[in-house]
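The next block holds one structure in the form of structure tokens; read it before the comments.
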Amino acid sequence: MKGHYRFGEIEKKWQRFWEESKTFKAQDCDDSRPKYYVLDMFPYPSGQGLHVGHPEGYTASDIVARYRRMKGFNVLHPFGWDAFGLPAEQYAIQTGTAPEETTQRNIANMRRQTKSLGFSYDWDREVATTDPKYFKWTQWIFLRLFNSYFDQAEQKAKPIDQLPIPEGLSGAEKKKYIDDHRLAYEAEVPVNWCPELGTVLANEEVIGGLSERGNHPVVRKPMRQWMLRITKYAERLLDDLAEVDWPYSIKKLQTDWVGKSVGADVDFALDGFDETIRVFTTRPDTLFGATYMVMAPEHPLVDKIAAEDKKEAVDKYRTQAARKSDLDRTDLAKDKTGEPIGALAINPVNGEKIPIWISDYVLISYGTGAIMAVPAHDERDFEFATKFNLPIIPVVEPDRQTALALPIPTDYSYDGPIGERVSIEEWSAIADSIIKEVKAGRAPFTRPVPQKLEGEVARLVADDSVAREEISMRMRDCAIISQCNAGEGWAINSGQFDGLSTAEFKEQIADWLEQKGLGKKSVNYKLRDWLFSRQRYWGEPFPILHADDGRVMALSEDDLPLELPVVEDYRPIGTGEPPLANAVDWVNVTLGDGSKAKRETNTMPQWAGSCWYYLRYLDPDNDRQGWDPEKEKYWMGDVGVDLYIGGAEHAVLHLLYSRFWHKLLYDLGYVSTKEPFKKLINQGMILGEDGQKMSKSRGNVVNPDKVIADHGADSMRLYEMFMGPLDAVKPWNMQGVEGVHRFLQKLWRLIVDKDTGEIDNAVKETEADEATLRLLNQTVKKVGDDIESFGFNTAISAMMIFVNHLTRLTVVPKAVVEKLVLVLAPFAPHIAEELWEKLSHAESLAYESWPEYDEKLVKEKEIELAVQVNGKIRDKIVVAAGASEEQIKQQALSSGKVAIAMRGEDPKKIIVIKSRLVNIVV
RNA sequence: GCCGAAGUGGCGGAAUUGGCAGACGCGCGGGAUUCAAAAUCCCGUCCUGGCAACAGGGUGAGGGUUCGACUCCCUCCUUCGGCACCA
């Protein structure tokens, strides 16, 4: 049976052909064609190999790449390996196998798997982040960070030698000043230290305060770390999101991660001390409601101002708080803890003395590490105040709708120095007095009535709506006090500011504070500087030397790459020093002047290599530069990477870090766009056949090698695209693979004679009939449109419909199947090439023009319209495509079924939607 | 708790963005072919009633807007993903 669809042979044949002919080699700087850069998020080469989730994104990007080539674009479609990573290091610790070796083996296997799917990558541009020829430039970019500072006024990075240095600094001060402005700097920051394992753990390796492996306790321990000043770019990272075409949800995630809040810094004087405490608040309009102050336990001023008799309690609380990991803190979020420190702050707006507490719900790392607490209008402060019986003063009156939604107070009371004591028992008395006032003729108010009061007083003022309103006005403070209201509204209890809206108040109080020298407008971000060092072996070494005299020196560019030393033992040494500290010969360096220095023994995190790989693809073999500026200009053009496809798990960190590095490179003139990735698409996760996440322990992992062996790469590609929308989470179904495989079989049999393997006799050089021609044009249009809008599943469906149509014909016009083969090619390239060859074309179809369609032939000649009577379909009519509204009306009314449904009544209105339906309203 | 996405046949999913709900595929039922099977082809397949023509119901639940709602608005429920005291 010569003519069977032998996908195995065909796929190998064409993969070899593409590889040998370098069919997909991208031409640098070819100005004769528009460029198109399609990028996949490169994978970590794991020992598990490829899983079926990988080819989903890769197939989608490959379809676009192949489609764009046929549309005449010069396409850059590269691939590579994010090859540094923990698993290889863990394997090294367990077995002694060098991570380099493991990594090479895994890359070889995954490269084989990736190639077996027939993706049109330009393999000549393959990169691996672990290759010294690659990480030389990762280190080079680090040096750019180290040797740059951020000019606040111009909002951009500049070379450090342009940093203006204040007059009169000593040599040491000057050096410190410079170091304090570098975008890469060293700092003592707390990390997850596991004494038992003698190592530092990543956050995800710590579960409930214990190490993931071995369940040993983990503590926060300050250690010297490299940090990157990403926070300097916070504003630009937010602003430039407007320039990119990304899913809304990803933009939102990034926005929230940066976490900009606008508010004011306010200085509170201390009773009995010269110092002031600065707080940051987004609600300066609630200053009059600040009834106490909270400082983070770690706040440096605490020691100084704590009262003698409180010191012991304060110390105790601090040690407790220090022992909590970040996780513990959040676990205990519900139950607030704290300790008064016996000092008073003075509220600058009204001179009230308010107590100062410490509590771990205030973070030292955000804002100023101290807050003014406004329990009436902040959930956390409210919780704290009710627990510790602190006063609550409402200073914002919610609008009517919000007030109505507030539950009625039950038994809340407090004994604070400010504000009145309120309890449910007193309500009747208050209500009585209100009613008296109302009867005395006070003006009406538009306030809601607390429901619980209604029963008691409604009787008295049954027919007096004015009274009801008045009562509710008087009760509002009770309602507000009993419940925290974080919303906006109008100022009350706020002196001369009463009556202002929240927005107006914020404006005015900021000016007022500034005038009095008590505060100013201020902006804060959640974003923190990037902890950029790891105590690991398998990562990029820092190109940094620590001289014995304390100087920190960068290697010169000529000394790059700084390669990893060969070591015997991949474990960290017990002190917490990274494994590189074991490599004594590597670590110790004699400088040109004979003095000694030690190399940095931390390594860079996995993010480093993936931050800029899209640039290395532009010029992967360049050993003089990270990339050639001309090539960068050509491929990155005005918009950067045209299409970037990858998993949503990188929505925040990878994309944010990449954007940060790109902006630095932009500031220094190495790249020509503000943003690296113009359009971003996330592929959704593929679940196992049981609808669960694929995992070895569940035994529901689908092996791509097996799918390809059983059904072929084309079927695999087609199925992954046919499953549903690219970004949806969807379960695998092996019978679905067979379904698309049958489609390819059907197409094959349509064109190839099963005995001879030649073109089937039914395929003839002949004119297509009208219906076939119309469907062909519709299919070509649909497939093209769907590729452009990433609707691959419906594109495949359209091709299936067309193939089903063709199989019913006795004679199949050759020109028609040729176009079909061309539109199928991006999806199932192997079978398409084979059929194209059988249709007697000597050249690969990879650069064949995408078929044109004729808009006139896409349109139907006759259209079936649904006829509704009062919105219910009663009949269908067929009209000519160009029929007028009047003609359609007449034809609709002449239907017998319609007449019955109308029951003899006259049409009140007839709605005609051309090419859709007619609705007769009676 | 907050934020984001999504709920459509037995299953994956379509629906020109307010206009014939269920395209296409899977599965299932029936038939053809075959000594038989696989493969292939044809017919059927949202639910209820009916031999049928047909009638009624139907897109997580309830309400609303509209001649007309899977699509827009309000309330609620469920699932998935992210964040976690950020003042």
Side-chain angles (χ1 to χ4, degrees), chain A residues 247-253 255-257 259-261 263 279-283 286 294 326-327 329-334 336 359-363 365-374 377-381 383-384 486 524-528 648-649 651-652 682 684-685 687 689 691 693 718-719 722-725 727-740 742-743 745-746 749 754 782 785 791 793-801 803-804 807-808 864-873 875-876 897 907-922:
Chain A
Y248 167 77
S249 57
I250 302 289
K251 286 193 182 185
K252 179 92 170 73
L253 240 39
T255 308
D256 291 350
W257 192 265
K260 178 179 183 174
S261 20
V279 302
F280 171 71
T281 176
T282 54
R283 292 297 298 271
T286 60
V294 189
D326 284 354
L327 240 117
R329 280 203 181 191
T330 58
D331 276 355
L332 299 169
K334 295 261 165 350
K336 296 260 184 303
S359 171
D360 61 8
Y361 85 91
V362 172
L363 310 174
S365 49
Y366 184 80
T368 62
I371 62 155
M372 64 177 207
V374 186
H377 305 291
D378 182 284
E379 291 286 351
R380 298 150 298 181
D381 298 344
E383 228 172 88
F384 193 83
N524 265 283
Y525 302 92
K526 273 196 248 183
L527 184 68
R528 306 292 157 78
E649 65 272 22
V652 178
N682 289 124
M685 208 190 345
L687 306 173
E689 297 208 69
K693 217 176 198 160
L718 217 47
Y719 174 65
F722 188 61
M723 290 171 83
D727 55 2
V729 177
K730 42 211 179 263
W732 187 268
N733 177 1
M734 212 46 99
Q735 283 170 327
V737 186
E738 282 168 34
V740 294
R742 282 207 275 268
F743 159 67
Q745 288 278 11
K746 205 188 260 194
R749 286 196 307 270
K754 69 175 186 303
K782 174 85 176 146
D785 289 353
N793 52 336
T794 47
I796 294 166
S797 157
M799 292 187 278
M800 286 173 167
I801 291 169
V803 168
N804 286 344
T807 53
R808 286 185 207 108
E864 192 187 53
L865 297 183
V867 183
Q868 299 182 330
V869 177
N870 288 340
K872 281 203 190 303
I873 291 164
D875 199 5
K876 294 187 176 175
K897 285 179 189 165
K908 212 187 283 173
K909 195 165 156 195
I910 301 178
I911 295 146
V912 178
I913 308 294
K914 281 202 177 164
S915 82
R916 292 271 162 246
L917 55 63
V918 183
N919 189 10
I920 302 167
V921 187
V922 296

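Order of the sequence lines sets the chain letters (A, B, ...), proteins ahead of strands, with each chain counted from 1.
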For A/Lys746 and A/Asn804, which I'm curious about, is there any donor-acceptor pair between the side chains at under 3.5 Å? yes
Assign A/Asn793 to base, sugar-phosphate, or nothing according to its heavy-atom contacts below 4.0 angstrom with the strands shown. sugar-phosphate
Any idea if B/U17 is syn or anti, going by the 90°-from-0 cut? syn
Please determine, for the side chain of A/Met800, which listed nucleotide (B/C24, B/A87, B/C85) has the closest atom? B/C24
Just to be sure I understand the rule, does A/Glu864 reach a base, reach only the sugar-phosphate, or reach nothing, if contact means heavy atoms closer than 4.0 Å? base
What is the nucleic acid contact for A/Lys252, judged by heavy atoms within less than 4.0 Å: base, sugar-phosphate only, or nothing? sugar-phosphate
Shorter than 3.5 Å, N or O on both sides, protein versus nucleotides 50-57 of chain B: list them out with atom names.
from, atom 1, to, atom 2, distance (Å)
B/C54, OP1, A/Lys897, NZ, 3.4
B/G57, OP2, A/Lys872, NZ, 3.4

Per-nucleotide pairing state of RNA chain B [Watson-Crick or G-U, under 3.5 Å; [ ] pseudoknot-crossing; | other strand]: (((((((..(((......[....)))((((((.......))))))((((....))))..(((((..]....))))))))))))....
For B/A39 and A/Arg749 - does any side-chain N or O of the residue sit under 4.0 Å from the phosphate oxygens OP1/OP2? no
Minimum-distance nucleotide (side-chain atoms of A/Arg742 versus B/G27, B/G12, B/A14): B/G27
Base of B/G9 relative to its sugar, syn (within 90° of 0) or anti? syn
Under 4.0 Å protein heavy-atom contact, by nucleotide of nucleotides 42-49 of chain B - B base, S sugar-phosphate only: --------
What are the atom names and distances for every N/O pair under 3.5 Å that joins the protein to nucleotides 6-11 of chain B?
none

Return the set of residues passing ring-ring contact (aromatic ring centres under 6.0 Å, His included) with A/Tyr366 (not counting sequence neighbours), or none when no residue passes. none
Using nucleotides 67-69 of chain B, report all nitrogen or oxygen pairs with the protein that are shorter than 3.5 Å.
from, atom 1, to, atom 2, distance (Å)
B/C67, O2', A/Asn919, ND2, 3.4
B/C67, O2, A/Asn919, ND2, 2.5

